[in-house]
Amino acid sequence: MGRFVARRLLQMIPVFLGTVTIIFFMTRMLPGDPAAAMWGDKAADPAQLAAFKHRMGLDVSTGQQYLDYMGNLLTGNFGETMAGRKVIDVIGEALPVTIRLALLAFVFEVVVGVTIGLFSGLRRGKAFDKTALVFTLLLISIPVPVLGFIFQNVFAIQLKWITPTVQDSMNLGQLMLPAIVLGSISLAYVARLTRTSIAENIKSDYMRTAIAKGLPRRKVIGTHLLRNSMIPVVTFLGTDLGALMGGAIVTEGIFNVKGVGNALYHAINLNEGATVSGFVVVLVLVYLAASLIVDLLYAVLDPRIRYA
Amino acid sequence: MTTAPEKTTAGQDRLVPGTPLLEVRDLHVEFKTRDGVAKAVNGVNYSVAAGETLAVLGESGSGKSVTAQTIMGILDMPPGRVTAGEILFRGQDMLKMSNEERRKIRGRKIAMIFQDALSSLNPVLSVGYQLGEMFRVHEGASRKEAKAKAIELMDRVRIPAAAQRVNDYPHQFSGGMRQRIMIAMALALEPDLIIADEPTTALDVTVQAQVMDLLAELQAEYHMGLILITHDLGVVADVADKIAVMYAGRIVETAPVHDLYARPAHPYTKGLLRSIPRLDQKGEELYAIKGLPPNLYKVPAGCAFNPRCDVATDLCRTEIPALHQVTDRDGAELAGRKSACHLWKETLHG
């Protein structure tokens with residue numbers, strides 16, 4: 001187990017370096033000159049432009065820029081934004097917001113998704129199951145912006161339960177609605193995966209044994225069925241946690257949540273290479289950590305899996 | 001029924017002498033599927049007393065497992081449906097009991113051993129947990145007590161180093177050991193009756209004998225009734241007291257085990273016995289009953305076995321034979337012997 005974790009951590013190094021490299025060159029390949037863009041429509045003063053480029057480290061070759069960036073990164077220096085703020089501070093402000101939003105969405109999709117999937121699987125072909133299938137299909141088909149606007153309209157404008165946009169990005173209550181929107185599509189997948197898994201496992205021999213042992217239904221389902229059925233769902237949830245963190249761009253935009261998505265969106269618009277790379281670095285780390293946790297959890301759920 | 005002695009509260013635990021532990025009466029089970037109605041069990045009667053072993057013999061699809069699952073109350077309903085009959089356990093019809101009453105009998109009074117222990121044990125729970133669960137659910141034992149009892153049980157079925165292996169998972173055991181765990185689970189609460197559905201089919205031949213011996217030994221020790229479902233005539237001979245042969249959802253012959261082997265009174269039984277490979281026939285072609293088991297959606301008219309029978313007459317093609325009491329040449333009844341063949345006399349004596 002310890003060796004497994006160590007090896008997985010070592011494997012993360014090339015993945016990490018590779019991703020950062022790709023992202024670095026992708027941001028540098030974006031059209032337009034980020035320094036010149038600072039002056040907007042006006043022509044920049046060549047001397048000022050040169051000074052700015054020098055300060056940002058943009059006056060050397062792309063290869064040299066890459067080496068500088070990687071060197072700084074390894075010492076924990078994420079660089080600066082065009083406006084002179086430290087990228088690490090921008091991340092430090094946005095990340096906690098997104099973590100809250102993603103965790104809220106995650107809890108929502110797990111609790112609601114697994115519950116719907118469980119009852120759907122147990123009552124396969126019945127009214128509840130059919131309703132759930134239509135409902136989840138609907139969730140999967142509706143684009144997030146549409147769902148976001150519908151929610152804003154219904155809950156904020158019609159019912160006036162909430163404000164249309166988030167005022168305080170750290171307030172869990174205010175993040176609730178964006179979290180539901182963010183988790184909705186994944187919820188549909190979780191529900192469907194759970195349903196299929198339950199329906200498949202319910203016919204298994206060990207379920208027959210559990211019933212023959214005279215266990216109450218609650219135990220047959222809770223202990224024997226659910227645990228076996230969660231294995232594929234956990235795999236999905238692990239990768240999804242990373243996706244929720246990075247994929248909140250649209251939701252954060254709709255609800256004006258000052259999180260990673262929002263910051264990343266602005267950084268891309270302004271061609272802020274260092275900021276974009278910085279966020280990607282963090283998201284890659286989150287993704288890698290999530291997949292490691294899933295792999296470890298996997299063996300807790302299914303003892304047949306050996307770490308090799 | 002109010003005067004029946006076994007209905008009194010005092011009589012529920014003590015068996016009235018002569019009352020079988022379990023009696024299946026005229027049981028009919030069918031499955032409604034998209035292709036029609038499959039009549040899996042068509043009027044089965046059998047009984048088991050405490051300490052007795054009944055072997056139920058038959059090909060796949062003969063209804064032997066469905067009957068067992070109906071007794072256990074683990075038949076999938078729907079598509080399965082009991083259309084007629086009674087299953088009396090200590091004189092009480094289990095088919096009339098509530099789900100909760102039946103659940104309390106399952107595992108505690110009647111336990112079942114399944115064929116494939118690997119798939120029948122939960123892969124993600126330790127064997128100790130799965131054994132201990134019996135005590136925790138039925139007797140309210142604590143985790144610690146349950147574990148201690150699980151180890152004790154594993155010792156009983158002679159699993160080496162039980163205390164070290166109690167936290168292992170089913171896949172970490174060999175096939176024979178896994179089947180021992182299944183047996184231990186069935187034995188846990190010392191039930192009155194054990195139903196073993198092909199308990200040795202999935203095992204190596206050498207392990208088969210060990211497991212069968214263990215089962216027979218424990219059955220004698222606890223004085224339990226045992227219903228042994230099998231298609232293997234070899235397994236039956238040593239352990240069973242009596243045999244019920246099933247075909248197309250009916251009992252076609254019942255007899256004490258040695259009588260049946262010596263002098264079958266039904267052509268189907270005769271065919272089965274002839275198809276056992278024997279050393280003194282080495283080199284000869286092995287006998288096989290011609291044809292295929294009947295389609296349960298469309299059981300042949302008359303005796304279900306008639307299309308495959310060498311001696312079938314017109315009567316066999318039109319009239320379903322009753323389960324006749326079998327007599328010897330002088331007309332004296334042979335104890336426990338019945339045959340559902342119009343021509344049982346010719347088959348037995350001819």
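Everything numeric in this text was worked out from a predicted model, so none of it was measured. Both backbone and side-chain heavy atoms feed into the values below; hydrogens, waters and symmetry mates do not.
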If you count heavy-atom pairs under 4.5 Å with chain B, which of [options] comes out on top?
options                         : value
Asp302(A), Ile211(A), Leu301(A) : Ile211(A)
Lys213(A), Arg227(A), Arg304(A) : Lys213(A)
Pro216(A), Ser204(A), Ala210(A) : Pro216(A)

Discussion item. For Thr194(A) versus Leu118(A), what's the shortest heavy-atom pair and its separation?
Written reply: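 Looks like CG2-N, 3.9 Å.
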Practice prompt. Would you indicate whether the side-chain heavy atoms of Glu133(B) and His224(A) approach each other to under 4.5 Å?
Written response: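 Yes, at least one pair of side-chain atoms sits under 4.5 Å.
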Worksheet entry | Contact origin within Lys219(A) toward chain B - heavy atom pairs under 4.5 Å |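 Side chain only.
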Discussion item. Which atoms of Ile231(A) are under 4.5 Å from chain B, going by heavy atoms: the side chain, the backbone, both sets, or neither?
Written reply: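 For Ile231(A), side-chain heavy atoms alone lie under 4.5 Å from chain B.
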Worksheet item: Can you name the one residue among Val144(A), Ile142(A), Leu147(A), Leu139(A) that meets side chain to side chain contact (heavy atoms under 4.5 Å, CB included) with Ile185(A)?
Response: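 Going through Val144(A), Ile142(A), Leu147(A), Leu139(A) one by one, the side chain to side chain contact (heavy atoms under 4.5 Å, CB included) with Ile185(A) is satisfied by Val144(A) alone.
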Worksheet item: Which one of Asp197(B), Thr53(B), Val56(B) satisfies the side chain to side chain contact (heavy atoms under 4.5 Å, CB included) criterion with Ile227(B)?
Response: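 Option passing the side chain to side chain contact (heavy atoms under 4.5 Å, CB included) with Ile227(B): Val56(B).
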For chain A, which of [options] has the most heavy-atom pairs under 4.5 Å?
options                                    : value
Met72(B), Met134(B), Met182(B)             : Met134(B)
Ala188(B), Ser119(B), Ser126(B), Pro170(B) : Ser119(B)
Leu125(B), Ile195(B), Asn99(B), Leu189(B)  : Leu125(B)

Worksheet item: What part of Gln130(B) gets closer than 4.5 Å to chain A, counting heavy atoms only: side chain, backbone, both or neither?
Response: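 Both parts, backbone and side chain.
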Worksheet entry | Distance (rounded to the nearest 0.5 Å) between Tyr46(B) OH and Met246(B) CE |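 Separation between the atoms: 7.0 Å.
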Item to complete: Give, for atom CG of Asp93(B) and atom CD1 of Ile87(B), the distance between the pair rounded to the nearest 0.5 Å.
Response: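 Rounded to the nearest 0.5 Å, the CG-CD1 separation comes to 7.5 Å.
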Discussion item. Heavy-atom count check: over 12 atoms from other residues, nucleotides or ligands less than 6.0 Å from Tyr189(A) OH?
Written reply: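 No, because the 6.0 Å sphere around OH of Tyr189(A) holds 12 heavy atoms or fewer from other groups.
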